[in-house]
Amino acid sequence: MANTNNAGAEALRRLKEVDPPSLLAPNPTLSETARAASQYLFSSIRPFSQKCPLDQLLVDGYDAEQIWHQIDLQTQPLLSTLRRRVNQFVKNPDEIAQLKVPSSVAKKVEAKNHEEWEQESDDFDEELDEDDDDEDDFEGVEKEEKNGGSDGEEEDDDDDDDEEGSEDEDEDEEGEKEKGKGKDSGIEDKFLKINELNEYLEKEENNYENAEEADDGDEDSEEDDELEKAGEFEMDEDDEDDDEEEDEDDEEEEEGMENARYDDFFVGKKEKSSKRKDQLVEESEDSGDEDDMESNKQVCVCVCVYVCVCMIVKIFILKIKFSYPVFLYSFMQKKRTASTHEKQLEKIQSEIELMEKANVEPKTWSMQGEVTAANRPVDSLLAVNLDFEHNVRPTPVITEEFTASIEEMIQKRIIEGLFNDVQRAPRLPSKAPREVKELDDNKSKKGLAEMYEQEYVQKIDPTSAPLSSKDKLKNEASMLFKRLCLKLDALSHFSFAPKPVIEDMSFQTNVPALAMEEIAPVAVSDAAMLAPEEVFDGKGDVKEEAELTQAERKRRRANKKRKFKADAVKRSEKKARSEKKEDNAIPGQVNG
Amino acid sequence: MIRRTQRLKKEYLYRKSLEGKERVNYENKRKIREALQEGKPIPTELRNVEAQLRREIDLEDENTAVPRTHIDDEYAFAAEKDPKILLTTSRNPTAPLQRFVKELSIVFPNAQRMNRGNQVVSEIIESCRSHDFTDVILVHEHRGVPDGLIVSHLPYGPTAYFGLLNVVTRHEIQDKEAVKTMPEAYPHIILDNFNTKLGERTATILKYLFPVPKPDTKRIITFANKSDYISFRHHIHEKQGGPKSVTLKEIGPRFELRLYQIKLGTVDQAEAQTEWVIRPYMNTTRKRKFLSN
């Protein structure tokens, strides 16, 4: 137990001595020492944390996050109880006297005794003198206690708190001196009086002594004591920076903001802020170191960053909370100093920024040329007014004026009587006009006898064309037509029955006698042909030359001569006549 | 009967195909006639055919002088016969459409209304031909509002497709009307602003839906064309007072017609030749007017 304790304490001490730059690079040995230190601390606090389910900090093979969570498990309930207790003590300082100090602690306290306490208090006084503001002082005091506590932890929690505290106080004293000297006047305030502080410290002393005398093995008191101390240590070490700062901030806020004055903020504002910064830096460095130490190489950098961020946030928050008026003032100062030109420039700059930003971003869908439904959001066309070129004339709206114009036109047409009605067209004669039989009243030109004659002829010879009372033209036409038909029939077919031949009295045609009775087709038949003797135009018996007798030959020759002579005489006479004419004609021509 | 109709159709088409030649002939004859009248020499290109054409000119009368087109063939007997119209709807008509068709059957004299049922268009046309109808009118709708009118002249005549707009039926104005009944005398027709050839064609199609009226009827039906939209109006006029003042009272439905197609065949002939079809997406459609000038 002691060995482990010693090892843990040794680890803590080593951590403290490490310089911050080396923390930036991941270092396995450092992490090992950090883990050992945290384990040691955890186990030392374990007796005071009743609600914690873990007995030991499990470190081997665990992530930084997991280790943190384990520490959280222990510290969170502890913190709340400690706060409650501190508040109680603040309200009832008498209870402090009832606290019992643990035996080991008591022994050490005995060894040290008053001197150290006084030394401490002196140191405290010195430190307090050095500080500037009440808030600072208070913080400083707290910090002193805490720092003292933390320094003590590094070495040994259970042993020689006071000694360590004194040593640490010395260190802190130096640190305080390094920070800078403040005014004595600024230390005291309504809520911090040095005399009261001294009284409190003396009380504490007495309590410890009493506790030593009264009870040695009172674990509760020990625990309480331990708790008190441990709480301070815990607060310093295991809290996140935010918690610490929040507490400080809260307290400072509570005490400072109630009675905030201009002088509080602006008289020594620069010094104050810088001091605050330094303190914060120191604080954060401490916690930061521890953070780094306890984490893996993976989380090392992250935690560093986180710490820095927290620091910045802290500063920012603090600045806002405590120098919010400062900010306002400076901001207003800036506004007043900007000229109109600068304002214009700013405006233009902002516009330029906007436009550049718009140019860099991808265009909206409506500026992207041809956009199909897939490339634009649903129902986005409803919001956009689109412009179409319509090629169709819009449908006419029937207005009063339109109707009036139409009615005017109608009225005009009615008055004029100009309608576009359908007109009845004259019908084309599709049928021939019927023959109207007119009864002739005139006396008939033919006599009765002639009529009877015609009837008789008709009966006998049905072929004869009766001269009816039709027009002559018609007769002529019918004649022509019959002739034409006959010819056509003759040409067209073989089974032709020839029509009866019409015999005209006036002239004879060369129609054969048997034409009517001929059976053979007209085309082939010889009926139309003339008989040889009808064709023959000659006389008597025709003999060939071979058959002729001598006498007949002579007779023929004589006939021939006679004919020739007669012809010759005729010709000569003709010639003589024509020559005479020519003779008469020629002299005219010769002369001319 | 089928063969007869087919033969008549073929003859009609053949005569239609000869129209081009006939037109040329007619033009030449006209030139020669002019030349003869004015005493000018006959143009040189007609020298060869001059004699023949001259003979034809002498022989022709008023009927043959004018070149006959298929249009005249279509409406050849329209002037002589009174039109007989059949009105039907598209399939499954709504009640408002049925009311509208009933009104139209009163507007057109000699019109009969028929329920569509599930008849095919070709059936309808066949039955109409056999019953000597001259025209068939189909009315289409969209959700109760009439939006289409198809006028088909029957013996292979042209079919005109109209779109109906701004339809106001008599049922809608029934409350305001004092007169609930409508006179059914043959009306006078007014066709206004049909100037182009196409306009004339549409005018004849619409004109021959009506019979020859008596000169003294009070009923007037107007087809007024304004930028290709034909307004149908139905009035009764009264001549009140001496100074030629006419009071009009509007009765009957009113709508705008918009011609979008003319086909040279009946409705059931899907492959009939298109005489004219609207071109709404042509760039210059907006500027042009097809029915007027």
Side-chain angles (χ1 to χ4, degrees), chain A residues 369-373 379 381-382 384-436 471 473-474 476-478 480-481 484, chain B residues 62-63 75-80 82-83 163 165-166 168 186-194 203-204 206-213 215 217-218 220 222-224 226-229 231 233 235 237 239 244-248 250 254-256 258 278-287 289:
Chain A
E370 282 187 16
V371 182
T372 57
D379 287 343
L381 276 181
L382 296 171
V384 178
N385 284 331
L386 295 171
D387 185 23
F388 288 103
E389 224 187 78
H390 296 276
N391 250 346
V392 190
R393 249 181 257 111
T395 55
V397 179
I398 306 300
T399 55
E400 290 277 341
E401 300 143 13
F402 187 73
T403 345
S405 67
I406 290 179
E407 290 195 353
E408 257 184 54
M409 181 267 294
I410 295 168
Q411 281 171 353
K412 207 173 87 180
R413 286 281 203 110
I414 292 167
I415 290 166
E416 291 169 9
L418 287 172
F419 301 115
N420 301 83
D421 299 329
V422 179
Q423 311 285 340
R424 280 249 185 259
R427 275 189 153 190
L428 279 172
S430 50
K431 290 183 197 170
R434 283 174 70 190
E435 262 187 36
V436 180
D471 283 342
L473 276 172
K474 278 192 184 172
E476 203 183 308
S478 62
L480 284 169
F481 188 63
L484 178 67
Chain B
E62 70 254 17
N63 274 331
Y75 290 102
F77 303 111
E80 298 152 21
D82 272 354
L165 306 156
N166 298 336
V168 176
Y186 292 178
H188 280 302
I189 310 293
I190 293 178
L191 295 160
D192 180 51
N193 201 16
F194 290 91
T204 54
L206 291 170
K207 193 165 80 168
Y208 286 111
L209 290 171
F210 297 92
V212 182
T217 52
K218 299 287 177 194
I220 293 181
T222 315
F223 293 94
K226 189 171 175 190
S227 67
D228 290 354
Y229 287 94
S231 309
R233 298 287 183 271
H235 293 276
H237 79 266
K239 278 195 177 170
K244 298 270 181 177
S245 66
V246 174
T247 50
L248 291 173
E250 184 163 354
R254 72 148 71 153
F255 44 86
E256 315 294 314
R258 189 171 181 222
I278 195 175
R279 304 271 175 211
Y281 298 109
M282 202 164 69
N283 280 338
T284 51
T285 316
R286 214 201 164 117
K287 305 174 199 166
K289 292 182 192 175

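Order of the sequence lines sets the chain letters (A, B, ...), proteins ahead of strands, with each chain counted from 1. This structure is a prediction, so every number in the text was calculated from the model and none was measured.
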Where does [X] contact chain B at under 4.5 Å (heavy atoms): side chain, backbone, both or neither?
{"X": "A:Arg393", "answer": "both"}
{"X": "A:Gln423", "answer": "backbone"}
{"X": "A:Ile414", "answer": "both"}

Spatial distance of atom [atom1] ([X]) from atom [atom2] ([Y]) [nearest 0.5 Å]:
{"X": "A:Met409", "Y": "B:Asn193", "atom1": "CE", "atom2": "CG", "value": "8.5 Å"}
{"X": "B:Arg258", "Y": "A:Thr395", "atom1": "CZ", "atom2": "OG1", "value": "8.5 Å"}
{"X": "A:Phe419", "Y": "B:Ile189", "atom1": "CZ", "atom2": "CD1", "value": "10.0 Å"}
{"X": "B:Glu250", "Y": "A:Ile406", "atom1": "CD", "atom2": "CD1", "value": "8.5 Å"}

Contacting region of [X] [heavy-atom separation from chain A under 4.5 Å]:
{"X": "B:His237", "answer": "side chain"}
{"X": "B:Thr285", "answer": "both"}
{"X": "B:Leu165", "answer": "side chain"}
{"X": "B:Phe210", "answer": "backbone"}
{"X": "B:Pro187", "answer": "backbone"}
{"X": "B:Pro280", "answer": "both"}
{"X": "B:Ile220", "answer": "side chain"}
{"X": "B:Asp192", "answer": "both"}
{"X": "B:Ser227", "answer": "both"}
{"X": "B:Lys289", "answer": "both"}

Is the shortest distance from a Lys or Arg side-chain nitrogen in B:Asp82 or A:Arg424 to a carboxylate oxygen in the other one below 4.0 Å?
yes
Using only atom types and a distance under 3.5 Å, with no angle test, would you say the side chain of A:Asn420 pairs donor to acceptor with the backbone of B:Ile190?
no
Side chain proximity check, A:Val422 to B:Pro211, heavy atoms < 4.5 angstrom:
no
Option that, when pairs with chain A are counted at under 4.5 Å, heavy atom only, ranks first among B:Val168, B:Asp228, B:Val212, B:Thr204:
B:Val212
Neighbour count >12 (heavy atoms, 6.0 Å) for atom [atom1], [X]:
{"X": "A:Glu401", "atom1": "CD", "value": "no"}
{"X": "B:Lys226", "atom1": "NZ", "value": "no"}
{"X": "A:Phe402", "atom1": "CZ", "value": "yes"}

Passes side chain to side chain contact (heavy atoms under 4.5 Å, CB included), A:Gln411 versus B:Thr247? Steps please.
CA-CA 8 Å; A:Gln411 281 171 353; B:Thr247 50; over 6 Å; no
A:Thr403, A:Ile415, A:Val397, A:Ile410: which one forms the most heavy-atom pairs within less than 4.5 Å of chain B?
A:Ile410
I'd like to know whether B:Arg233 forms a side chain to side chain contact (heavy atoms under 4.5 Å, CB included) with A:Glu407, so could you lay out the CA-CA distance, the side-chain angles of the two residues, the decisive distance to 0.1 Å, and finally the verdict.
CA-CA 9 Å; B:Arg233 298 287 183 271; A:Glu407 290 195 353; over 6 Å; no
